[in-house]
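Notes to accompany the following structure.
First the proteins, then the strands, lettered A, B, ... as listed; each starts at 1. Quick note: numbers below take in every heavy atom, side chains included, and nothing from hydrogens, waters or symmetry partners.
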Protein chains: 2
Amino acid sequence: MTEPKTDNAMTFAEPIAETCAGSGKSDCKHGRGENGCDDCKVRLFSVCGALEASELDELDRISQVKNFPAKTMLFDQGALAGSVFNVTEGIVRLYKSLPDGRRQIVGFALPGDFLGLALMDRYGVAAEAVTNVKVCRFARPAFLNYVDGKPHLLRRLHEFAGHELSLAQDQMLLLGRRTAEEKVAAFLLNLQTRYGRIGAMSVNVPLPMSRQDIADYLGLTIETVSRTLTKLAKEKVVVVVPDGVRLLSTDRLDQLAAA
Amino acid sequence: MTEPKTDNAMTFAEPIAETCAGSGKSDCKHGRGENGCDDCKVRLFSVCGALEASELDELDRISQVKNFPAKTMLFDQGALAGSVFNVTEGIVRLYKSLPDGRRQIVGFALPGDFLGLALMDRYGVAAEAVTNVKVCRFARPAFLNYVDGKPHLLRRLHEFAGHELSLAQDQMLLLGRRTAEEKVAAFLLNLQTRYGRIGAMSVNVPLPMSRQDIADYLGLTIETVSRTLTKLAKEKVVVVVPDGVRLLSTDRLDQLAAA
DNA sequence: CGACTGATTGAACCAGCTCAACTCATGTGG
DNA sequence: CCACATGAGTTGAGCTGGTTCAATCAGTCG
């Protein structure tokens with residue numbers, strides 16, 4: 001019982017991957033491990049999954065691994081889009097703000113998610129690291145140039161954009177027409193599913209983002225999120241643990257989320 | 001004063017364009033006017049704007065003009081996506097529903113808008129004609145085949161999808177964080193802008209959709225929409241007229257919509 | 001005309017918000 | 001090691017923006 005650090009069984013993997021982690025190799029040109037894309041853990045379910053080995057080499061050359069400590073900004077809403085990113089580790093919040101400070105989080109990007117899919121010349125949303133984040137960064141001009149003449153990659157980007165659009169429409173339904181309880185239930189199930197897709201399926205759902213983040217994602221207040229989680233806990237649907245929840249009855253949650 | 005029809009100056013153009021309207025020509029193979037895409041009023045600001053004359057000929061061959069009377073369904077949520085559409089006349093509502101009947105309209109498609117942008121194998125939303133609607137319909141397999149080998153068209157589709165995604169994110173901010181008054185103000189300005197883009201800029205903003213549609217788009221009830229419009233009218237910001245509103249103070253509306 | 005449909009208005013209600021107190025974990029410096 | 005500060009989360013109590021329920025009104029159509 002004299003552990004210096006908590007033995008919390010639920011924190012989401014967030015190694016403070018320092019630049020050029022690789023294996024301590026010193027002449028790491030692009031700040032990546034020695035094998036570049038080859039040992040990328042998210043490649044297969046990210047946009048890069050559409051590429052051949054030779055194309056990956058080329059991609060390696062225009063990419064750069066970059067770390068963003070928790071709470072730092074990757075880019076701001078409305079800024080010129082100088083780069084596009086592929087998240088490889090950690091969680092990023094994407095949001096829009098009103099002049100008076102009201103904020104709407106439009107999505108949480110997980111490993112494998114691509115930022116800047118729309119390929120527009122300005123970022124439509126701001127992006128901030130929730131946890132420590134590791135990304136593959138591409139200068140936008142180089143990336144656009146790379147995409148030109150690779151219709152299968154463009155096609156893949158388009159597929160991802162279509163998927164994003166579909167998620168956005170689901171979120172509109174949630175924001176406009178669901179109750180607080182339904183929103184929270186849907187959020188938890190949705191996160192669980194997404195963790196599952198990146199190989200972390202479990203009834204333990206880490207919530208590395210703050211209550212405020214969750215509230216701003218669901219169009220609620222921090223108090224309502226807290227009360228709703230407490231209510232679900234009282235009903236034995238979930239257990240609230242430090243930095244996350246354990247889902248006791250996904251059936252009941254499904255019912256609440258009412259698809 | 002004995003006009004049989006109202007002399008309402010505000011109805012949005014919605015000719016009951018019967019199939020093969022053209023100029024009464026009878027051997028109209030694809031149900032279009034004699035000049036096909038050439039005299040298409042929306043081509044330049046739709047996805048087809050990316051195409052050369054020769055490519056348009058080819059597109060003509062795989063397309064079909066189709067009319068949907070008001071209130072008919074173009075396709076249902078979750079159905080196999082057999083076709084994609086380009087709206088050329090009228091307004092379409094795109095929506096998602098919950099099992100208990102709650103509905104969220106995720107967008108109104110105006111002339112020039114493309115339905116099925118995501119190119120997914122199932123429709124993510126349902127589409128219903130608000131007014132009488134005229135579309136250019138493409139069988140999805142033929143369209144996909146057509147797109148293959150036309151990267152500039154795919155690029156254009158992707159641009160449109162990116163724009164859609166951006167609009168969806170704006171709508172999330174609106175749904176999650178704006179008040180009723182801000183929602184209505186933003187809606188009216190937004191519609192005015194969109195009419196403007198298709199050459200119908202005016203302070204007169206037709207509202208061919210019902211109050212229920214507006215409510216389901218803004219995440220409100222029909223009564224709140226009605227009350228908010230009445231309030232704006234009392235404050236001389238708008239005038240409510242049959243089938244639409246006249247904007248008296250776009251400045252004040254801008255202020256309310258608070259970007 | 002009467003029936004029907006969509007919109008407006010009124011009045012009571014309530015889900016979620018606001019404001020405020022309290023808890024709990026972490027950190028800091030004396 | 002403890003006193004104290006800090007920041008995130010929870011809980012309580014009262015309030016309110018928007019909903020709900022119920023008339024009423026205004027066109028439109030047969």
Side-chain angles (χ1 to χ4, degrees), chain A residues 1-8 10-11 70-71 100-104 130-131 174-185 187 206-234 238-245 256, chain B residues 1 3-8 10-11 70-71 93 100-104 130-131 174-185 187 206-234 238-245 256:
Chain A
M1 287 302 207
T2 51
E3 290 274 288
K5 281 286 166 193
T6 78
D7 58 347
N8 176 351
M10 204 143 176
T11 46
K71 294 174 191 182
D100 64 5
R102 281 176 289 175
R103 184 180 71 154
Q104 177 66 41
V130 172
T131 62
L174 178 144
L175 289 169
R177 289 300 181 217
R178 296 183 119 119
T179 65
E181 195 173 32
E182 291 169 345
K183 287 177 177 182
V184 171
F187 171 67
L207 298 176
M209 67 293 287
S210 70
R211 293 290 188 269
Q212 186 64 65
D213 285 343
I214 300 175
D216 285 347
Y217 182 57
L218 300 177
L220 297 171
T221 58
I222 185 175
E223 293 95 333
T224 300
V225 170
S226 181
R227 273 186 253 271
T228 305
L229 283 173
T230 303
K231 181 155 175 273
L232 291 176
K234 282 210 179 99
V238 305
V239 181
V240 180
V241 298
D243 303 317
V245 294
L256 288 173
Chain B
M1 288 300 206
E3 290 273 288
K5 281 285 167 191
T6 77
D7 57 348
N8 177 351
M10 206 143 177
T11 45
K71 293 173 195 185
R93 59 177 165 249
D100 64 4
R102 282 175 288 174
R103 185 180 69 153
Q104 177 67 41
V130 172
T131 62
L174 179 144
L175 289 169
R177 290 299 182 219
R178 295 182 117 116
T179 65
E181 194 173 33
E182 292 169 346
K183 286 177 177 182
V184 172
F187 171 67
L207 298 175
M209 68 291 289
S210 71
R211 293 290 187 268
Q212 186 64 65
D213 285 343
I214 299 175
D216 286 347
Y217 182 57
L218 300 178
L220 297 171
T221 58
I222 185 176
E223 293 95 334
T224 300
V225 171
S226 181
R227 273 186 254 270
T228 305
L229 284 174
T230 305
K231 181 155 175 274
L232 291 176
K234 281 208 179 102
V238 305
V239 181
V240 180
V241 298
D243 303 316
V245 294
L256 289 173

**Message:** Quick check against the 3.5 Å criterion: does Thr230(A) have a side-chain atom that pairs as donor or acceptor with the backbone of Ser226(A)?
**Reply:** yes
**Message:** Rounded to whole Å, how long is the line connecting atom CE of Met209(B) with atom P of dA7(C)?
**Reply:** 11 Å
**Message:** Could you check whether any side-chain N or O of Arg177(A) sits under 3.5 Å from a backbone N or O of Arg102(B), counting only pairs where one atom can act as donor and the other as acceptor?
**Reply:** no
**Request:** Would you mind reading off the distance between Asp213(A) atom CG and dG7(D) atom P, rounded to a whole angstrom?
**Result:** 17 Å
Name the pairs: protein N/O against N/O of nucleotides 14-18 of chain D, kept only if under 3.5 Å.
{"from": "dG18(D)", "atom 1": "OP1", "to": "Ala180(B)", "atom 2": "N", "distance (Å)": "2.9"}

**Asked** Atom NZ of Lys71(B) and atom OG of Ser210(B): how far apart are they, to the nearest 0.5 Å?
**Response** 8.5 Å
**Item:** Phosphate OP1/OP2 of dT9(C) contacted by Ser226(B) side-chain N/O (<4.0 Å)
**Value:** no
**Message:** Nearest 0.5 angstrom please: Leu175(B) CG to Leu218(B) CG, how far?
**Reply:** 7.5 Å
**Gap separating the CZ atom of Arg227(B) from the CD1 atom of Ile222(B), nearest 0.5 angstrom** = 11.0 Å
**Item:** Whole-Å distance separating the CD atom of Glu223(B) from the C1' atom of dT19(D)
**Value:** 7 Å
**Item:** Reported CZ-to-OG1 distance for the pair Phe187(A) and Thr228(A), which is rounded to 0.5 angstrom
**Value:** 12.5 Å
**Item:** Position toward the 5' end of DNA chain C (nearest nucleotide), Lys71(B) or Thr230(B)
**Value:** Lys71(B)
**Prompt:** Between atom NZ in Lys183(A) and atom P in dA15(C), what is the gap in whole Å?
**Reply:** 14 Å
**Reported OG1-to-CD1 distance for the pair Thr221(B) and Ile214(B), which is rounded to 0.5 angstrom** = 12.5 Å
**Asked** Roughly, in whole Å, what's the span from CD1 in Ile222(B) to P in dA22(D)?
**Response** 16 Å
**Request:** For the helix from dC1(C)-dG30(D) to dG30(C)-dC1(D), measure the angle between the helix axis at one end and the axis at the other, each built from five pairs, rounding to 10°.
**Result:** 20°
**Prompt:** For the pair made of CZ in Arg211(B) and C1' in dG27(D), what is the distance, rounded to whole Å?
**Reply:** 13 Å
**Message:** Whole angstroms only, please: what is the CG-P distance between Leu229(B) and dT9(C)?
**Reply:** 10 Å
**Asked** How long is the span from the NZ atom in Lys231(A) to the CD atom in Glu181(A), to the nearest 0.5 Å?
**Response** 3.5 Å
**Fill in**
Leu232(B) atom CG is separated from dT9(C) atom P, nearest whole Å, by 13 Å
**Fill in**
Sequence neighbours excluded, the answer for side chain to side chain donor-acceptor pair (under 3.5 Å) partners of Arg103(B) is Asp213(B), Asp216(B)
